[in-house]
Every structure is written in structure tokens, then in C-alpha cells.
> 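Before I ask anything, here is the structure I am working with.
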Amino acid sequence: MQNEPIEMLTETNEDKALSSILDEAKRARREPPNERPAGVKPLEAEARVLDGRQDPKLLPDRAFAVLDAISYLRDASYSDRTIVEDFVFRSLQAGWPANADGLTEALMDRDGCMHFFNRLPLDLASCPPLTSAVTNRLLSNPSHQDMVLAKRLRFGDNDLRLLIHQASRSPKSEVSRLIPDLLKQSRDSGEWPRIQSACFFRDTDDDDEDDLIRLLDSLPMRWRKRYPDFDLLASTPEVRAAWVADLVRLASEGDNMRSALLEGILWHGSDRVDDFVMTAAAAICEASLDQGSSVLASLSAHPSSLVRLRAAALRRLRAEDPIEPDRPLPTDILDSGRRLAELAEHHHASPLTWIGDRWVEMAIESAVERAAATFTGSYEGHWREDEEPLTVKLLGDIRAALGVLEADITAVAGKRPGGRRISFSLRDRMVSKHEEGQPGTDPTASFSTDVCLIMTACRDGKVLANRATLIQVKKLKSPDALWKNSFEIVRQQLIDISKNTDAAFYMLMGPESAGRAIEMMPARLLVDYLPNRGKTVSLRREFVALASRSVAKWLTYDVVGLWTGDPNVSMVQKAAGADGRRPYLLVELEVSISSDVVD
């Protein structure tokens, strides 16, 4: 019945006219137009019959066959063509929407019909059978005709969801380049395409700036660059909590907005900030338990596996540990990014050590500097303790800082060019204090030092270097509620430690002075500088400020960077000691780097 007029079982004048047009077109395809009676042109008689007819109801196949036939009758007059075309399009309009399936099938089976599209029913652009059929074509092997047709349609959310998923998997495909146009055409039809446009595609020339766009711009997205007016990752947990609270307020505008926001951030939120994405999504769910549950359930059939996994994790999270929208957010990678973002901008400079990464070198220096500042901040309450317990406390702060740094670098290693993993091991062992005072590297003799530091550098599990460093610790005292202006150095102790090795240093502890914390000075420099008389000599703080290095720079470059340290095997063995002749405090630091770039 598809090639028969709707509700017309007997042949009418209109039927005869249409059949005549089709027959004439068949002849025109096979041979030159046959001779007509004098004064009669192609379509002239048929146009006279069809002109002005009201509410004809041609089925789509026959209607498009007539349009195809007209294209072969090139010698017909423009006015007669127009009359026949108007009849066909009045027919299609009159049969809408009953002929929606037939019209969809006719469009999908014919090329070259796009110039007629604007004369077809307006609702055809969003007709589900047509958009679904075009979507299936785009997901398989789309032709140029499919791409042209797609740009004229207004796709529904389900079709767009499939197309966006396809585009995210093949970002350089024709479909991916088509998505911005499809989202723009559908943006006015609801919250879902508006949010997808903000998350998946964001045109920098887009004038549509509102609270929603600006809010979503602040969240790192998986598929596009960010253009925020502030760095959310570098902000404090409290600022991120305020951001989530704003997101929850927008979600409260309605069920459609809530579900669209939830899907948007679960789908497009960067996987490198997964904990933040999950926290924000959980806050939206908590704001409306029933709606959140239904949305999460619906996402179990989402085309993106990441969305399905995140939704499943949220369902378990909400059952076990609901997250309040205004509480401080988890740190982890967010704080990692914030801490490492605090490094100076010149970290792109050439590396200074065997580590081979200036960024990592600066990260180590920054971490140790924070630990030293923590220790110095509490020095006033602990200075009465002996140097060795103070050193153990400092080492504990440094160990914790390096542990955080290792986690930070691991968290972001795959997100920066050339990123490599690094691990730190810092162990200290206190032994009985009974063997200070004797110089030399003779294994049977003791030596004058508070701390023996053994540094081991490894790359890919292979030891590059073992170095020994001797450290004598001196603290600044405050017997009368006023800090003394100098450190007390025992001359013989200084001479003894300097005779063991040139890799011998004094660690000078005190309260913060002129922005400086713990300072390191070579023992050999002090031997040359201090007066050669008296059992005890004074090392003034003014000279220390000029001639020392901060413990952060010293540990990063002199120790970890292998600028110092005694490589002599006998010195390393003596520093490690043996039963009955160990130093008071043995510190073993191992730094291991992977040569493989983290994906």
C-alpha cells in the first residue's frame, strides 16, 4: 500500500497526473523526450490538474518518486515545476505525523534530498524514528549524506548520549567533529544538552556565560581544556567544599537539572581528580535521596563504563558512609596537585642532579623545607632536650614529609610529561652513646660524630652510589629567656670529625632567624674560620647566616643529589658500624627512581 494514495482506492485525476509524471520521467531516462503536441511542455498538463488541490495525502515513497521524476524533466517550465512540488509537499504535510515512519525510510534510502528538507514538516527534525536511524548510521560507517542530514536534526538525549560516547572514544573522527553542532542545535531543549555542552564541548567564543557554565568550567574535564577564572585544584579543601555547595544549589533547581548534573560530572569529570568528582556527586545525591537513587540506578545502563563504575561506587558509598555537602573534602590527589603547584614557575629549567628532573628536585627541597619549618616552629618548647633526641624528632618530620611527597609524585606522575615514580626510605637507629672522640677511619677506632648518614642512590633497582656523611649537631640555647647569639663548638670534636672525612658537617639548630630554619656548615670551613685556641669557641649567628646552607637545600643537592658524601668503602663501612662500635645515631636514606615514564 505504500505506493498508493492514502484513503484513495479509485484512481482520480491527481493519480493520473502523478502517474503521467512518473512515466514521462522513465522515458526521459532511457531516451530523449518524446514529441509532444505542439505548444505542450513537460508537466504543463499535470500541473494544471494538481494546481491548488487541498489536503492531498501521498505516501512518502510515491512523493519522493515524483520529486525525483521532476529532476529528469529539465525542459519543463519553472512555474509548472513549482506547482507540482507544492502539491507534493502539501501532501507530506497533510499526512504528518501518520507518515513519520515512511518519511524516515524514504529519507534514509535517498541521496540528494537534503535541499527539500526545509519544506518538510517542522517536527521531522526531532522525529525519534529519524534521529534514531541517523544515530545508528553515525555509529557505524556514516556517509557524507548522513553527516549532512545529521546537522539538520535535533537529537534527543539518548541519541546524543550514544554519539558523545562514540566521539569520546574516537576524538579525531567525523562524528567527534559533528558533536559541537549537534549540541548547539539541541541546547535550548533542556538541561541535559546544556550541561553536556559545558562538559564535553566548550567553545571559547560562546557568549552563553552563566553560573552553571562558570561553575563547570572550574572542574577539570576529561575531553577538553579548562578556561576557569581560578584553579580549583590549588584551592583549600574549604574552597572546594564551597564549590560543591554551589553545585548542590544548582542541582536543587529541579529533577532534570539534578540528574543532568550528576551524569555530567560522573561522565566527564577527569579521572585524575576522581575523589573530588565522587565527593561532588555524592553531595548531589545526598541533597535528594529518592532522586539520587533513581538516577544512579538508571546509570547502570550507561554506555560509558566509567559512569557505570562510578555510579556503582556511589551506591555503595551512600549505603555505608553518606557525605555531607558542606564538610571539607578528601585531599589525596587534590592536595597533591595543590602542594606541587606551589613550586616556582622556573621548574622547567635544567636539572641539577642525577635525578634528571628539576621539578622533582624542587619538590624534594620544598618538602624538606616544610618539615624544617615545622621543627623550627616547635623548637622553643623542645630546645632543652639533648641534640640527639632533637635530631630524631627532625628526622621524623622529614620522613613524614618525604612520605607525603612520594605519594604526591605517584599521584600525578602519569599526568605530567616525562613523569617518573620516585621512592624514599629514611631509617634511623639510636645506639648506646659511648664511642665519641677518636679521629680516623681505622675500623677499630671510634670517631667524633653525632650522626652517621649513609645515602644510597638507586635507579631501576640498581645501586648507583653509596655515600657516607658525618654530622655533628649543635643547638642554640636560651638560658635567660633570651637566645644566645652564638653556637658553642668544642674544638677537639671539630678537629676529630674533620679528620675523618671532608664529608663532615655541622647541623645548627635554633629558632627561626631572618626566615631561615636549620642550617648546615662544612666542618672543614669551621676549622679554617674559627680561632685556633681555647677548648670551646663561639660560632656567631651572623657568620652562620652568611656561610651556611639550609637543611632543605643541603639534603636535596648535597646528600640526595650526591654533591657530597664520602664514597670510600672503608668510610661507608665505618659509618654503618658494627656491634659494639656504632655511632650514636645511624641514619640510612635511600632514594630510588624508575626510568620508565608513567602512562
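It should be emphasised that the depicted structure is a prediction, and the values quoted were computed from it without experimental measurement.
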> Salt bridge (Lys or Arg N to Asp or Glu O under 4.0 Å) between Arg258 and Asp255: does it pass, once the steps are laid out?
CA-CA 5 Å; Arg258 183 179 297 107; Asp255 291 346; 2.9 Å; yes
> For Thr131, does its backbone N or O pair with a side-chain atom of Thr135 as donor and acceptor, under 3.5 Å?
yes
> Is any side-chain heavy atom of Asp460 closer than 4.5 Å to a side-chain heavy atom of Ser594?
yes
> Taking side chain as C-beta onward, heavy atoms only, is Gln196 less than 4.5 Å from Arg161?
no
> Surrounding CZ of Arg427 (heavy atoms of other residues, nucleotides or ligands, distance under 6.0 Å), is the total greater than 12?
yes
> Glu174: which residues meet the salt bridge (charged side-chain N to carboxylate O under 4.0 Å, His left out) condition with it, sequence neighbours left out?
Arg177
> How far does CG of Leu555 sit from CD of Glu369, to the nearest 0.5 angstrom?
12.5 Å
> Is there a side-chain contact between Leu216 and Met221 in this structure, where contact means two heavy atoms from C-beta onward sitting under 4.5 Å apart?
yes
> Using a 3.5 Å distance criterion without hydrogens, assess whether the side chain of Arg310 forms a donor-acceptor pair with backbone atoms of Leu266.
yes
> Kindly indicate whether the side chain of Met278, heavy atoms from C-beta on, has any atom under 4.5 Å from the side chain of Leu314.
yes
> Answer yes or no: is there a donor N or O on one side and an acceptor on the other, between the side chain of Arg549 and the main chain of Trp554, under 3.5 Å?
no
> Looking only at atom types and distance, does a side-chain atom of His165 sit under 3.5 Å from a main-chain N or O of Pro303, one as donor and one as acceptor?
yes
> Run the side-chain hydrogen bond (donor to acceptor under 3.5 Å, both in side chains) check on Asp101 and Thr104 step by step: do they pass?
CA-CA 5 Å; Asp101 291 340; Thr104 294; 5.4 Å; no
> Which of parallel (below 30°), tilted (30 to 60°) and perpendicular (above 60°) describes His302 and Trp267?
perpendicular
> Does Trp243 use its side chain to pair, donor to acceptor, with the backbone of Leu215 at less than 3.5 Å?
yes
